[in-house]
Amino acid sequence: MPAKQAKLIWPHSKTTKMTAHKNGQWCKKIAGRLRYFGPWRDPDGALARYLANADALHRGEDVATSPSDKVPVGDVFNEYLALQRKVYS
């Protein structure tokens, strides 16, 4: 049986509380949903992502992606087809 991993402690407990999730990320329950903020190895980055999005998350807004990050499915499909035609022609 493998040895049990030591429980990680959130280093920024005076700012906010977060939990080390078993998927390897820091998380916090906001408005009844678990939100993930970054890997265990980067608690400072997780805190920065939380602070940047905290107001919107507590208002119930979804901030997983910004409008500039969204790519239409048709564009992705057309790129895939162009690549396939290039490879198999």
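Excluded from the calculations below are hydrogen atoms, water molecules and symmetry mates; all remaining heavy atoms, backbone and side chain alike, are included.
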- Closest non-hydrogen atom pair between His21 and Tyr36, with its separation: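 In this case the closest contact between His21 and Tyr36 is NE2-OH, 3.5 Å.
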- Query: Looking only at heavy atoms, what is the nearest atom pair of Leu57 and Ile30, with distance?
  - Reply: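 Residues Leu57 and Ile30, closest heavy atoms: O-CG2, 3.7 Å.
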- Lys29 NZ to Leu34 CG distance, which is reported to the nearest 0.5 Å: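 Answer for the NZ-CG pair, Lys29 versus Leu34, is 6.0 Å.
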- Query: At what distance, to the nearest 0.5 angstrom, does OG1 of Thr19 lie from CG of Leu8?
  - Reply: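 With rounding to 0.5 Å, OG1 (Thr19) is 11.0 Å from CG (Leu8).
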- Query: Under 3.5 Å, is there a donor-acceptor pair linking the side chains of Lys28 and Thr16?
  - Reply: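 A donor-acceptor contact under 3.5 Å links the two side chains.
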- Query: Can you list the residues that meet the side chain to side chain donor-acceptor pair (under 3.5 Å) rule with Gln84, with sequence neighbours excluded?
  - Reply: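 In terms of side chain to side chain donor-acceptor pair (under 3.5 Å), with neighbours along the sequence ignored, Gln84 is linked to no residue.
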- Task: For Asp75, enumerate each residue passing the side chain to side chain donor-acceptor pair (under 3.5 Å) test, keeping only those at least two apart in sequence or located in another chain.
- Result: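 Asp75: no side chain to side chain donor-acceptor pair (under 3.5 Å) contacts found.
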- Check the surroundings of atom CG in Leu81: do more than 12 heavy atoms from other residues, nucleotides or ligands lie under 6.0 Å from it?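 Buried by this count: over 12 neighbours within 6.0 Å.
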- Query: Can you hop from Phe37 to Trp40 via hydrophobic side chains spaced under 4.5 Å?
  - Reply: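 Yes, it is one cluster - the side chains of Phe37 and Trp40 are joined through contacts under 4.5 Å.
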- Task: Flag yes if Leu51 and Met18 sit in one hydrophobic cluster, no otherwise; membership is Ile, Leu, Val, Met, Phe, Trp, Tyr, and two members link when side-chain heavy atoms are under 4.5 Å apart.
- Result: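 Yes: a chain of side-chain contacts under 4.5 Å links Leu51 to Met18.
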- With side chains defined as the heavy atoms from C-beta onward, is the minimum distance between Pro43 and Trp26 less than 4.5 Å?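 Yes, their side chains come closer than 4.5 Å.
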- Message: I want to check something: taking the side chain as every heavy atom from C-beta on, are Gln25 and Asp42 in contact at a cut-off of under 4.5 Å?
- Response: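 Counting from C-beta outward, Gln25 and Asp42 never come under 4.5 Å.
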- Query: Under the side-chain hydrogen bond (donor to acceptor under 3.5 Å, both in side chains) rule, what pairs show up with a residue in residues 47-59, not counting sequence neighbours?
  - Reply: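 Passing the test, one end in residues 47-59: Tyr50-His58, Arg59-Glu61.
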